[in-house]
Amino acid sequence: MNAGTELWLFAVSLGASALGGMLGMASGIFIVPILTLWGHVDIRSAIGASIVSVIACSCGSAGSFLRGRLTNVRLAILLETATTAGALCGVLLAGAIPVSYLFFILGVVLLLSAHQMLAKRRDPGLARIQAPTGRSTTWQLNSSYPDRALGREIDYRIERLPLGMALMYVAGLISALLGIGSGVLKVPAMDTALRLPIKVSSATSNFMICVTAAASAGAYFVRGNIVAPIAAPVALGSVVGAILGARFLISISNDKIRLMFVVVLVLLAAQMFVAAFGRGWFGGIA
Amino acid sequence: MNRTPIKPLRLESLLAGVLNVGTWLASTVIAAGIGLSLFYRGTTFPKSAQVMTAGIGLLILLPILRVIIMLIVFAKERDYKFAVAAAVVLLILFAGFAVGLLST
């Protein structure tokens with residue numbers, strides 16, 4: 001491991017994270033493909049490095065959402081029981097799943113992200129008439145958040161908690177398997193199942209990501225899967241990139257950049273499928 | 001646009017402070033480790049990897065600290081349902097470390 005490698009890892013993570021941050025996306029999904037395809041890092045070390053950078057980005061950005069009262073901490077801790085349980089199962093599965101399957105799952109998740117980039121998110125929390133009935137009232141999860149654009153408090157309530165918990169379990173599982181924050185899978189859980197306002201679901205999902213990632217990172221750290229000379233520059237680069245990206249936040253309605261991102265995601269997905277089937281057919285390359 | 005200041009709640013601002021300070025601290029330690037490895041490049045100076053590992057360890061402990069704080073605050077406020085949820089999350093996090101230890 002020479003010093004050039006560390007600078008390269010730092011620069012690449014910074015770039016990926018800055019680009020992701022501009023579009024409000026986590027960089028974990030890019031880090032693993034980049035490290036494995038161009039960095040020739042073994043996928044398990046790449047996953048270990050990525051999960052550390054996911055914690056760094058989530059913890060680093062949680063503060064501003066919390067101060068803005070967008071994060072629902074009660075809902076977060078409740079859903080975290082599901083995401084961390086999923087992550088624990090992911091850790092147990094990770095050793096048993098062949099590397100080619102990991103590439104395949106990563107390809108599928110990349111395609112899902114591309115699909116989500118294309119489809120604009122509608123705000124489910126505002127579209128409906130609020131009538132406080134049902135399960136969540138007994139859990140004291142309903143809350144309100146201050147909306148700067150509208151200049152008033154918006155009340156919201158949580159629906160279909162069991163479905164949301166089930167989807168969160170899957171998100172935690174995938175997060176541990178691939179070393180990503182799996183915001184991609186938390187978004188449908190929060191939008192479709194729980195019907196939260198977008199600002200609340202983004203903030204709460206971001207808040208939950210670091211705890212979910214810590215469940216698997218703890219195991220990978222003790223097991224020795226987190227290689228410090230790879231993970232350290234990747235984590236630091238991601239944090240710096242996320243700060244820069246948030247500063248130059250581009251409006252999500254900027255269609256050209258979205259389209260460019262979709263193309264990149266689809267290309268990476270294709271590469272992942274090639275890696276998956278290449279391994280399966282020709283037996284362990286690299 | 002109405003720019004009334006948003007007053008953060010007690011738990012929220014406590015968590016925000018801890019997470020911000022923690023991330024800065026861990027990032028500084030990691031940066032120091034990278035700096036050492038660049039400075040002593042070529043030589044086999046072993047401390048740099050240890051410093052980087054310490055920074056990474058701090059970063060992994062930070063979410064655990066966050067859950068512990070939530071557990072204490074919810075328990076103090078007699079908000080037992082959420083205190084139990086926090087305790088469950090904490091147990092699962094420790095189980096993660098245990099799984100890592102057992103499978104080395």
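Between the side chains of A:S61 and A:N206, at least one donor N or O lies within less than 3.5 Å of an accepting N or O. Side-chain contact of A:T212 with A:T83: a donor-acceptor pair under 3.5 Å is present, judged by distance alone.
Contacts between A:I226 and chain B at a heavy-atom distance below 4.5 Å involve the side chain alone, from C-beta outward.
Residues of residues 84-91 of chain A lying under 4.5 angstrom from chain B, judged on non-hydrogen atoms, are A:T84, A:A85, A:L88, A:V91 in numerical order. Contacts with chain A (heavy atom to heavy atom, under 4.5 Å) involve these residues of residues 64-73 of chain B, listed by number: B:R66, B:V67, B:M70.
Partner of A:V41 under the side chain to side chain contact (heavy atoms under 4.5 Å, CB included) criterion, chosen from A:V227, A:V32, A:I230: A:I230.
Your options are B:I92, B:L11, B:T23, B:L61, and the one with the most heavy-atom pairs under 4.5 Å with chain A is B:I92. The choice from B:I30, B:I56, B:L62 that makes the most heavy-atom pairs within less than 4.5 Å of chain A is B:I56.
Side-chain atoms of A:S50 never come within 3.5 Å of backbone atoms of A:I180 as a donor-acceptor pair (strictly under, hydrogens ignored). Looking only at distances, a side-chain donor or acceptor of B:T53 sits under 3.5 Å from a matching main-chain atom of B:A49. Judged purely by atom type and a 3.5 angstrom limit, A:T81 uses its side chain to pair as donor or acceptor with the backbone of A:L78. A donor-acceptor pair under 3.5 Å links the side-chain atoms of B:S37 to the main chain of B:I34, judged by distance alone.
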**Report entry** Full working for side chain to side chain contact (heavy atoms under 4.5 Å, CB included) between A:R44 and A:R223
**Finding:** CA-CA 12 Å; A:R44 301 214 190 264; A:R223 203 190 264 173; over 6 Å; no
Query - side chain to side chain contact (heavy atoms under 4.5 Å, CB included) assessment of A:K186 paired with A:M208 - result: CA-CA 10 Å; A:K186 289 191 174 98; A:M208 287 161 51; 4.0 Å; yes
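Counting only residues at least two apart or on different chains, the ring-ring contact (aromatic ring centres under 6.0 Å, His included) pairs with a member in residues 48-80 of chain B are B:F74-B:F82.
Remark: A:A94 engages A:L177, A:Y220 in a side-chain contact (heavy atoms from CB on, under 4.5 Å) (not counting sequence neighbours).
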